[in-house]
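Comments concern the structure below.
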Protein chains: 2
Amino acid sequence: MTIKDIAKACGVGVSTVSRVLNNRPDVSDDVRRRVLEFVDNCGYIPNNSARDLVRSRSDAIGVVVRGTGNLFFAEMLKTISSLIEKSGHTMVLHFIDSDADEVKAGAILEREKKLIGLIFLGGRYDYTPAELSLIGVPYVCCTYTNRFGSLSEEDYASVSIDDYAAGYSAVEHLISLGHRRIAALVPSLSDSSVSELRYCGYCAALKEHGIEPDRELIAEAGGCFEIPEAYDCMKTLLESGVEFSSVFAASDTVAIGAMKAIEDKGLSIPGDISVIGIDGLVVTEYANPTLTTLVQPAEEMGRQSVEMLLSLLEGAKTTRHLLVKPALRIGASVRKI
Amino acid sequence: MTIKDIAKACGVGVSTVSRVLNNRPDVSDDVRRRVLEFVDNCGYIPNNSARDLVRSRSDAIGVVVRGTGNLFFAEMLKTISSLIEKSGHTMVLHFIDSDADEVKAGAILEREKKLIGLIFLGGRYDYTPAELSLIGVPYVCCTYTNRFGSLSEEDYASVSIDDYAAGYSAVEHLISLGHRRIAALVPSLSDSSVSELRYCGYCAALKEHGIEPDRELIAEAGGCFEIPEAYDCMKTLLESGVEFSSVFAASDTVAIGAMKAIEDKGLSIPGDISVIGIDGLVVTEYANPTLTTLVQPAEEMGRQSVEMLLSLLEGAKTTRHLLVKPALRIGASVRKI
DNA sequence: AACGTTACCGGAAACGTTTCCGACCCTTCG
DNA sequence: CGAAGGGTCGGAAACGTTTCCGGTAACGTT
């Protein structure tokens, strides 16, 4: 069944059928109705390859995910996937390693699959306009904030929580409960704007309250917010003998690893050490103890990313930047001292 | 840059270039080398739309995931995605709700995207040959075992752990440590072969050891191995006043929810109640207490699924069935009584 | 020497759509 | 009454590839 068959069956030309199917004007209501009615009943499935060929582009939106051990992305992916589908597009998913270059990966993907748009999940912090110009289609950087000014506002679109505020709030919460010696567990700072910003929030909150950040309390975990790396990192910190009453984990997955390391040392949470995370993963609501964390709404952010990309695809010239406010979710992993 | 350009540049015909690019015979070594050399240096990107159009099929493999809250699938997806990519195909991911029909969804997806193959993650237990015949391309049912004989071996291909054995071993482990009153927490039995089989393993192990399964100890959670549903289900069971010393959770996510419910009631694990799961999620290695579970190797199973599908695509007539043996991972959530 | 076979190659059709262009009819206006 | 213009439509080119088919040259066989 092709549009040629439809044309023949309806006694019209193929171009007319094409116009009807694409909601174009220049078709009389009478013909439009006739064609539409026939199409509805004949089980016609458009041939995307043919459309893509002549338009020399596809209907696919690429999603590049960096940091696959990060459960937060898994939570977002479902929303993103279903919204992309609902909008009539196809999602092309691409996982990359934490040390890979997502812009390059996205650019390759774009050309190979003839993407019309891209969503990046888990960004570095040091994009340059030159790099980004490799990408020839609209894109949204989700989970990325250009806090360090390597880009101007018009260079990109973004959806993220205010990672700086999240780090700041987390630490402020600890301080408000009497903590002064607060360790920080952050994934490779240079790899991610998220990590970097949350760390900066940590430092700022400390300074704001008259506490000088202590190099000894800052542990840089490898990887991309993965649990095992966080565990190892926390273990090393504990064995270093440095004193602290609480841990600021740069993400919930990091917190999960950290909590385990603490417990394995025979220490209790929050009895001996308090732990706070950022992300608000579902699973940490069911952890023991329940993690106190700053929630970034996965579904909301996924939805906003897709909607923003779609509006860019429709030609909206105003590249927007959405900064969601993180919300404190009080668990049982932090105590007053 | 098209193959026509390449043909012109190399002084050969387009069909020759096409043959070279597709590794076809009937090309002299000399010409082949010349074309290949040129192609390597000119940054040619094949136009998939054109290829798909003339072949009237794409290069895409569909992955239909049912039960999105199940973290196990998230762990598999990365492997599946990267292997599909590495094989030169495109992955089309499709999440469906726990009450949706994955065969129908797969069939639609197949036609719309002109898929060449499908992988199903999270299957029902009651497929019929008639239903499956809706799917016109090779497919692999991952996480599905045709234990109930509605299908014959040639009707499908599958990769899964021996879910029956997993349920059996889990319960046997509990019994070997002195447990006799073992509650079972299973997601909607009728929805999933996995759930059903693990439950059967549970019953069989009990009977084998002279314990009659007690209806009161069996709690059916809604949903698809989701944490919150499991929590609610466990909570209800605890409040029902039935006595038991341990819980057989049909999956690790179920176990996570169950453990939380138990702790929220002020009971300790494994002090008051032991918990055993199935899946071997990374996150449960870092739970408190570490979950005792039967590991199904996510990466291995993802790899096998893709490889099996690829071999089917190459025309292998032997539909295979892989049944991975689950491995007991001892944690701290079960105690001897 | 004639013929068959093999290896290699190029031309051209075909895939199903979009879109450009021209054509037709009808209305309106000078 | 003729021209202009808008509304409606169909034909055909074009997109870039694969594949069928036919052709040529070289070589071996009878």
Side-chain angles (χ1 to χ4, degrees), chain A residues 1-39 42-60 88-90 110-116 136 313, chain B residues 1-39 42-60 88-90 110-116 136 313:
Chain A
M1 173 70 61
T2 70
I3 60 168
K4 204 182 282 183
D5 300 322
I6 299 174
K8 203 170 294 173
C10 296
V12 298
V14 285
S15 47
T16 303
V17 176
S18 176
R19 276 188 288 261
V20 171
L21 258 22
N22 292 27
N23 265 328
R24 290 259 154 67
D26 275 23
V27 181
S28 67
D29 289 347
D30 180 43
V31 170
R32 188 183 299 274
R33 199 161 12 84
R34 213 165 66 226
V35 172
L36 242 27
E37 188 177 346
F38 182 80
V39 166
C42 75
Y44 164 72
I45 299 175
N47 186 316
N48 289 329
S49 312
R51 178 171 44 66
D52 294 352
L53 176 58
V54 63
R55 287 193 181 160
S56 69
R57 61 187 166 80
S58 79
D59 70 341
H89 296 282
T90 302
E110 175 209 330
R111 282 175 235 305
E112 283 184 350
K113 314 284 189 198
K114 296 205 182 313
L115 302 180
I116 55 169
L313 289 176
Chain B
M1 173 70 61
T2 71
I3 60 168
K4 204 183 280 184
D5 300 322
I6 298 173
K8 204 171 292 174
C10 297
V12 298
V14 285
S15 47
T16 302
V17 176
S18 176
R19 275 188 288 261
V20 170
L21 258 23
N22 293 16
N23 264 327
R24 290 261 155 66
D26 274 23
V27 181
S28 68
D29 290 347
D30 181 42
V31 170
R32 188 182 298 275
R33 199 161 10 86
R34 211 165 67 227
V35 171
L36 243 27
E37 188 177 346
F38 182 80
V39 167
C42 74
Y44 164 72
I45 299 175
N47 186 314
N48 289 329
S49 312
R51 179 171 44 64
D52 293 352
L53 175 59
V54 63
R55 286 193 182 160
S56 70
R57 60 186 165 82
S58 77
D59 70 341
H89 296 282
T90 302
E110 175 210 329
R111 283 175 236 302
E112 282 184 352
K113 314 285 188 196
K114 294 205 184 313
L115 303 180
I116 54 169
L313 289 176

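What you see is a predicted model, and the numbers here were worked out from it, not measured in a lab. Values below: all heavy atoms of this structure, side chains included; hydrogens, waters and symmetry mates excluded. So that the names make sense, note that chain A is the first sequence line, chain B the second, and so on, each numbered from 1.
Take the nearest nucleotide of DNA chain C for B:Ala50 and for B:Val12: the residue whose nucleotide is more 5' is B:Val12.
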Nucleotides 20-25 of chain D: protein proximity per nucleotide (B base, S sugar-phosphate only, - neither; heavy atom, under 4.0 Å): ------

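Rounding to whole angstrom units, CD1 of residue A:Ile45 and C1' of C:dC15 are separated by 17 Å. Atom P of nucleotide C:dG16 and atom CZ of B:Arg57 are separated by 15 Å, given to the nearest angstrom. A:Lys4 places its NZ atom 15 Å from the P atom of D:dG10, with the value rounded to the nearest Å. Distance, B:Asp5 CG to D:dT17 P: 9 Å, rounded to whole Å. For the pair A:Ile3 CD1 and D:dG10 P, the interatomic distance rounds to 12 Å; values are reported in whole Å. Distance CG (A:Leu53) to C1' (D:dC15): 4 Å, rounded to an integer number of Å. Computed from coordinates, the B:Asp52 CG to D:dG16 C1' distance equals 11 Å when rounded to whole Å. Atoms CG (B:Asn47) and P (D:dT18) sit 10 Å apart, rounded to a whole Å.
Under the rule for a side-chain hydrogen bond (donor to acceptor under 3.5 Å, both in side chains), the partners of A:Lys113 that lie at least two apart in sequence or sit in another chain are B:Thr90.
Between atom CD1 of residue A:Ile116 and atom NE2 of residue A:His89 there is a gap of 4.5 Å, rounded to the nearest 0.5 Å. A:Glu110 CD to B:Ile45 CD1: the interatomic distance, rounded to the nearest 0.5 Å, is 9.0 Å.
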Under 3.5 Å, which donor-acceptor pairs link side chains of residues 10-36 of chain B to any protein atom two or more places apart or in another chain?
{"residue": "B:Ser28", "atom": "OG", "partner": "B:Val31", "partner atom": "N", "Å": "3.3"}
{"residue": "B:Arg32", "atom": "NH1", "partner": "B:Arg24", "partner atom": "O", "Å": "3.4"}
{"residue": "B:Arg32", "atom": "NH2", "partner": "B:Arg24", "partner atom": "O", "Å": "2.7"}
{"residue": "B:Arg34", "atom": "NH2", "partner": "B:Cys10", "partner atom": "O", "Å": "3.0"}

Would you be so kind as to tabulate the donor-acceptor pairs closer than 3.5 Å made by side chains of residues 47-55 of chain B, with sequence neighbours excluded?
{"residue": "B:Asn47", "atom": "OD1", "partner": "B:Ser49", "partner atom": "N", "Å": "2.9"}
{"residue": "B:Asn47", "atom": "OD1", "partner": "B:Ala50", "partner atom": "N", "Å": "3.0"}
{"residue": "B:Asn48", "atom": "OD1", "partner": "B:Arg51", "partner atom": "NH2", "Å": "2.4"}
{"residue": "B:Asn48", "atom": "ND2", "partner": "A:Glu112", "partner atom": "O", "Å": "3.4"}

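One end of the helix from C:dA1-D:dT30 to C:dG30-D:dC1 points its axis 60° away from the other end's axis, with each axis taken from 5 pairs and the angle rounded to 10°.
Look at A:Tyr44 and you won't find any side-chain N or O under 4.0 angstrom from OP1 or OP2 of C:dG16. Checking the phosphate oxygens (OP1, OP2) of C:dG10, a side-chain nitrogen or oxygen of B:Thr16 falls inside 4.0 Å.
In the region residues 22-39 of chain B, proximity to DNA chain D at under 4.0 angstrom, judged on heavy atoms, holds for B:Asn22, B:Arg24.
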